[in-house]
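First comes the structure, then the notes that go with it.
Protein chains get the first letters and strands the later ones, always in sequence-line order, with residue 1 at the start of each.
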Protein chains: 2
Amino acid sequence: MNSEFTIAVHSLVLLAYRPDHMATSDMIAHNVNTHPSRVRKVMSCMRKSGYITTKEGLGGGYILNCNPDEVSLAEIYRATSIGTMKPSWCSGQVDTECMVACNMAEVMDQIFCDAEQQLLIHLEQTKIIHVLERVRDAQLQK
Amino acid sequence: MNSEFTIAVHSLVLLAYRPDHMATSDMIAHNVNTHPSRVRKVMSCMRKSGYITTKEGLGGGYILNCNPDEVSLAEIYRATSIGTMKPSWCSGQVDTECMVACNMAEVMDQIFCDAEQQLLIHLEQTKIIHVLERVRDAQLQK
DNA sequence: GCATACTGTTATTATATTTATTACAGTTTC
DNA sequence: GAAACTGTAATAAATATAATAACAGTATGC
């Protein structure tokens, strides 16, 4: 799976952890442990999906614009990573006589597509707030 | 997802399509559209899991050693790709004060692990024979 | 026995993908 | 109009993936 999903989830959980706080791409990048530019790219996508609000200019940054009880990992996956379940490498060849060789790519495609749909159904259950709760639990275990 | 899964499924379906036929790595590689050496690597893994029998030497090759009605894609996934759902890239840093930064990697790990378990439950439903049937259906649609 | 045709496995090279970095235009604040 | 931000694209570096080569080991048939 796409690691942009990880960055998106981490960033939204961080914003949910500090509600009403503006966070800059620099602050988030430091927390996530990646480059600010990469954070901006992912967050730009989150804004287009409506999960955050961004503000340009001095004092600007990112702030949560959704209820963390309601937005699930499925929605974040859809925004950042849809289609990435299927590996880019494909088997078979279309122009062969063998029935298996020339249809396998299509059939595997179906299989990966189905699997991704199942994954979405599963991720639907976990909301941003649940991830934050798990973080809290993990902290308490120390 | 790992493309060795694709190669393994394709190869087993091919063997199921031509039961009682020895197929060499060269023949399978041609069908799958990859290098014979890669096929041998994946098939070596399939042998270790007991799904095929291999024979070295002249006239050797691979032959199915399981009931295609019984072996599911979950078993093939377990043999070839377990753990590949989780991206290798990890967010956060363990030695930080921020609760989110230092626990997110662990929490995401759980999430990917859960998702992979769900995937296995889903793949359990599809047996090798079903993939072959889907290939036949795809062929008929042409 | 030995040439031939296979698998098993590792090492190396080539290619593709991912991530980091740089750069700079646009925006808002002071 | 300087400073501190986002948005986006381009490039470079790092990593992962796939192809290829090489060769030891094994079975077959002459």
Presence of Trp89(B) side-chain N/O under 4.0 Å of dT15(D) phosphate oxygens OP1/OP2: no
On DNA chain C, does the nearest nucleotide to Asn33(A) precede the nearest nucleotide to Glu56(B) from the 5' side, or the other way round? Give the residue. Glu56(B)
Less than 4.0 Å between a side-chain N and a carboxylate O, is that true for Lys86(A) and Asp114(A)? no
Nearest to the Arg38(A) side chain among dG26(C), dA20(C), dA27(D), which nucleotide is it? dA20(C)
With the threshold set at 4.0 Å, does a side-chain nitrogen-carboxylate oxygen contact exist between Lys41(A) and Glu4(A)? yes
Side-chain N,O (Lys41(A)) to OP1/OP2 (dT18(C)) below 4.0 Å: no
Quick note, Thr24(B) side chain, CB onward, closest among dT7(C), dT6(D), dT28(D) is dT7(C)
Take Glu4(A) and Leu58(A), find for each the nucleotide of DNA chain C with the closest heavy atom, and name the residue whose nucleotide sits nearer the 5' end. Glu4(A)
Categorize Thr54(A) for me: base, sugar-phosphate, or nothing, with a 4.0 angstrom heavy-atom threshold over every strand shown. sugar-phosphate
From dT19(C), dT7(C), dG7(D), nucleotide with atom closest to Tyr62(A) side chain: dG7(D)
Find the distance Arg40(A):CZ to dG26(C):P and express it as a whole number of Å. 16 Å
Which nucleotide, dA22(D), dT19(C), dG8(C), lies nearest any side-chain atom of Ser44(B)? dG8(C)
Measure from the side chain of Arg47(B), starting at C-beta and using heavy atoms only, and say which of dA18(D), dT19(C), dG8(C) lies closest. dG8(C)
